[in-house]
Amino acid sequence: MPDTPQSFAARLKQLRIKNGESLQKAADAVGISKPHFWELEKGESRNPSKELLERIAAHYKQTLAYLLGEQNEAQGELGALFRNLKDLPETQRAHVAALIESLKNSKSSGAS
């Protein structure tokens, strides 16, 4: 179930602070003004465009679903990782898959 717009605002502010960004740096990164970013964080900007939401999600390496409260942060990070994997050539994806299997096997054998 999606969160309220205030939850989006709080989530956006949390991501910005977690990344050590000023309002200006975050606004510049997604191509909007500092006051507009501040309005988003305060929940005072109504109906941001899908394009803007996608730019924010990409900047913070999260999914739209996370920004909108439809999944947790870990799921958003995994979604962003998956999007990056799709852009790799097949041989590199195979290397990543092998690395994941190796890590899973070492975890199940008790290694940390």
Side-chain angles (χ1 to χ4, degrees):
M1 171 169 38
D3 291 337
T4 63
Q6 289 73 30
S7 294
F8 163 74
R11 194 172 292 106
L12 180 60
K13 184 174 184 177
Q14 179 184 26
L15 285 168
R16 179 180 64 80
I17 291 170
K18 179 181 174 183
N19 283 281
E21 293 180 321
S22 66
L23 279 169
Q24 187 65 60
K25 183 176 178 182
D28 289 346
V30 299
I32 60 175
S33 69
K34 178 180 173 180
H36 189 187
F37 201 96
W38 182 81
E39 288 172 353
L40 289 168
E41 278 192 2
K42 296 295 180 189
E44 296 173 1
S45 179
R46 295 185 182 184
N47 297 322
S49 70
K50 182 177 181 222
E51 177 188 29
L52 174 56
L53 292 173
E54 288 171 341
R55 289 194 317 256
I56 292 170
H59 174 66
Y60 289 115
K61 296 177 177 57
Q62 292 293 332
T63 63
L64 279 177
Y66 171 73
L67 286 179
L68 300 176
E70 296 171 352
Q71 63 182 197
N72 65 36
E73 187 173 6
Q75 291 169 320
E77 290 171 353
L78 290 174
L81 177 62
F82 178 74
R83 283 192 309 278
N84 288 332
L85 287 173
K86 288 191 322 184
D87 295 336
L88 293 176
E90 181 59 37
T91 55
Q92 290 179 343
R93 283 195 307 252
H95 289 296
V96 172
L99 176 61
I100 290 169
E101 281 302 312
S102 174
L103 290 170
K104 284 174 32 181
N105 290 337
S106 68
K107 181 179 177 183
S108 64
S109 68
S112 297

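Sequential numbering from 1 along the given sequence is applied to the chain's residues.
Rounded to the nearest 0.5 Å, atoms CG (L53) and OG1 (T63) are 11.5 Å apart. Expressed to the nearest 0.5 Å, how far CZ of F37 lies from NZ of K42 amounts to 12.0 Å. Atom CD in E41 sits 9.5 Å away from atom CG in L15 (nearest 0.5 Å). Residue L23 holds its CG atom at 8.0 Å from NZ of K13, rounded to the nearest 0.5 Å. Atom CD in Q14 sits 8.0 Å away from atom CZ in R11 (nearest 0.5 Å). Taking CG of L67 as the start and CG of L52 as the end, the distance is 9.5 Å to the nearest 0.5 Å.
By the 4.5 Å heavy-atom criterion applied to side chains, E21 and Y60 are counted as neighbours. The shortest distance between side-chain heavy atoms of H59 and N19 does not fall below 4.5 Å.
No more than 12 heavy-atom neighbours from other residues, nucleotides or ligands sit within 6.0 angstrom of CG on N47.
When all heavy atoms of A9 and G43 are compared, the closest pair comes out as CB-N, 3.5 Å.
With sequence neighbours excluded, the residues satisfying salt bridge (Lys or Arg N to Asp or Glu O under 4.0 Å) with E54 are K50.
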Could you give the side-chain donor-acceptor pairs of residues 89-100 under 3.5 Å, partners two or more places apart or in another chain?
residue	atom	partner	partner atom	Å
E90	OE1	R93	NE	3.4
E90	OE1	R93	NH2	2.5
R93	NH1	K86	O	3.4
R93	NH1	L88	O	2.9

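In summary, the side chains of Q24 and D28 do present a donor paired with an acceptor at a separation below 3.5 Å, with no hydrogens or angles considered.
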